[in-house]
Each structure stands twice: as structure tokens, then as C-alpha cells.
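No hydrogens, no waters, no symmetry mates; every other heavy atom, side chains included, goes into these values.
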Amino acid sequence: DVAVFESNKIIAKKAGTTTLKAAAVHGDKYDECLVKVYDKPTGAELLRDGVALSEANPVDFEFSEEVTFEVKVLPTTAKQNAWKLVPDSESDKISDYFETSDLDTNNPKFKAIGSGEIYINLCYGADNNVGKYFVFRVGQKL
């Protein structure tokens, strides 16, 4: 039900996991592979302390504050690492405002190192669709 092998191709049918087995026509040789099929992403959410952030409300940081976010790609049957954070303007750099880590996980960390305001897009899927944008504001160092 998840995937089939036809005409020398693996054809995905629905989200899920299955094992496909290939066997030699003559003899006892075979091999198998695990196949995971994901739904196409339709959106993404950015959460802080378990609460989904909205485009309308700025995300405020104190200088040197470190925040771990959670990213959820929708639907839950989509590939969960199919997202990235991108500045809205080509002239802005996230690294001017934040030290980041774990951007390749669903729990990216941001530490405020510069003051000001940056618009950041949460993109998802292979086409980098913009799911939402957020205003990140960092207070000045005292």
C-alpha cells in the first residue's frame, strides 16, 4: 500500500514505511531496502515554549538571551526536516543578530548577539515555500 516497484522504479502510493525485497530470478540471492514515503509539506510552524508564533507578533529577545525553538512541518506525515529559516531581505544576515546552532534539527537555537530587528521567513518543502514570516527583535546591550 505504501510503495511498489514497477518498471525499474519505486512508485510512492501513500505516506508510510515499507520494506521492498528484490530477489534473483535464479538462485537464492535477494536483498531488501526500507522505503519511507512522506506527504508533501503544506506548511510549517515555529514554536517557542510550546506556543506557535504568529506573523503579527514580534519575537523579542534580550541581549545574550538564548532561545530554543521547535519547528513542525505540516502535516505530521511530511518530512520533518524539510524547512529552513531565511532572512526576508538579501541585505540582512541572521548572523548579524544571532549565534545559531542545531539548524539541521527541529530544535534550532538562537543566541542574541546584536541589537535591532530582522524579518525571518520560515520556508518549507523542496520548493522553499514561505510558510510564515517573523519579526525577531533584539534589545540593546546594557
Side-chain angles (χ1 to χ4, degrees), residues 1-25 28-142:
D1 292 342
V2 174
V4 296
F5 188 75
E6 291 177 1
S7 303
N8 294 323
K9 297 179 189 172
I10 296 175
I11 300 171
K13 294 191 156 209
K14 69 176 188 176
T17 303
T18 190
T19 300
L20 295 180
K21 186 175 186 177
V25 175
D28 60 352
K29 304 291 184 199
Y30 73 92
D31 203 355
E32 16 181 83
C33 69
L34 182 67
V35 176
K36 292 183 180 181
V37 176
Y38 299 96
D39 280 325
K40 186 173 182 175
T42 58
E45 292 183 324
L46 185 65
L47 294 90
R48 182 177 183 176
D49 299 326
V51 177
L53 302 175
S54 72
E55 297 166 337
N57 297 320
V59 181
D60 292 320
F61 289 82
E62 292 180 21
F63 188 82
S64 79
E65 178 181 13
E66 186 171 289
V67 174
T68 299
F69 292 100
E70 180 182 2
V71 178
K72 287 187 179 178
V73 178
L74 304 171
T76 57
T77 51
K79 198 169 188 178
Q80 289 300 304
N81 65 352
W83 63 270
K84 66 181 178 178
L85 295 167
V86 179
D88 188 50
S89 167
E90 289 183 20
S91 63
D92 282 332
K93 294 183 181 127
I94 293 174
S95 61
D96 289 344
Y97 301 88
F98 301 97
E99 287 178 358
T100 59
S101 60
D102 298 331
L103 290 179
D104 58 344
T105 73
N106 280 27
N107 297 104
K109 293 182 180 135
F110 281 67
K111 182 178 181 183
I113 60 168
S115 60
E117 183 174 273
I118 182 172
Y119 286 73
I120 298 177
N121 296 315
L122 175 58
C123 302
Y124 65 89
D127 299 328
N128 291 318
N129 301 306
V130 175
K132 294 182 179 178
Y133 73 90
F134 304 97
V135 181
F136 282 23
R137 295 189 307 203
V138 181
Q140 291 190 359
K141 183 177 179 181
L142 298 176

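The CG atom of Asn81 lies 9.0 Å from the CG atom of Asp104; values are rounded to the nearest 0.5 Å. Taking CZ of Phe69 as the reference point, atom CG of Asn107 lies at 11.5 Å (rounded to 0.5 Å). Here the OG-CD1 distance, from Ser95 to Ile113, works out to 7.0 Å after rounding to the nearest 0.5 Å. Summarising the geometry, atom OG1 belonging to Thr100 is positioned 12.5 Å from atom NZ belonging to Lys111; distances are rounded to the nearest 0.5 Å. With rounding to the nearest 0.5 angstrom, the NZ atom of Lys132 is 15.5 Å from the CD1 atom of Ile120. For the atom pair Asp92 CG and Tyr97 OH, the distance stands at 5.0 Å (nearest 0.5 Å).
Although no hydrogens or angles enter the test, the distance criterion places no donor-acceptor pair under 3.5 Å between the side chain of Glu117 and the main chain of Arg137. Checking side-chain atoms of Glu66 against main-chain N and O of Ser64 turns up no donor-acceptor pair under 3.5 Å. Between the side chain of Asn106 and the main chain of Glu70, no donor-acceptor pair closer than 3.5 Å is present.
Between Ala82 and Pro41 the shortest heavy-atom distance is CB-CG, 4.3 Å. Across every non-hydrogen atom of Thr42 and Pro75, the tightest pair is OG1-CD, 3.6 Å. Minimum heavy-atom separation, Glu65 to Asp60: OE1-O, 4.1 Å. Shortest non-hydrogen contact noted between Tyr124 and Val130 is CE2-C, 4.2 Å. Here the closest heavy-atom approach between residue Gly131 and residue Glu55 is recorded as O-OE2, 3.8 Å. Of all non-hydrogen atoms in Pro87 and Ile118, the two that sit nearest each other are CB-CD1, 4.3 Å.
Between Phe110 and Phe61, the angle of the ring planes lies from 30° to 60°, which puts this pair in the tilted group.
For the pair Phe134/Leu53, a side-chain contact is recorded, criterion being any heavy-atom separation below 4.5 Å from C-beta on. Annotation: side chain of Thr17 is not in contact with side chain of Val2 (no heavy-atom distance under 4.5 Å). Using a 4.5 Å heavy-atom threshold, the side chains of Leu20 and Ile10 count as touching. Residues Pro108 and Phe98 have side chains not in contact (no heavy-atom distance under 4.5 Å, counting atoms from C-beta outward). Between Leu85 and Leu122, some side-chain heavy-atom pair lies under the 4.5 Å cut-off.
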Report task. Could you go through the side chain to side chain contact (heavy atoms under 4.5 Å, CB included) check for Val37 and Lys13 one step at a time? Result -> CA-CA 8 Å; Val37 176; Lys13 294 191 156 209; over 6 Å; no

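In this structure, Arg48 forms no cation-pi arrangement with Phe136, as its terminal cationic atom is not both closer than 6.0 Å to the ring centre and no more than 45° off the ring axis.
Atom CD of Glu90 is surrounded by 12 or fewer heavy atoms from other residues, nucleotides or ligands within 6.0 Å.
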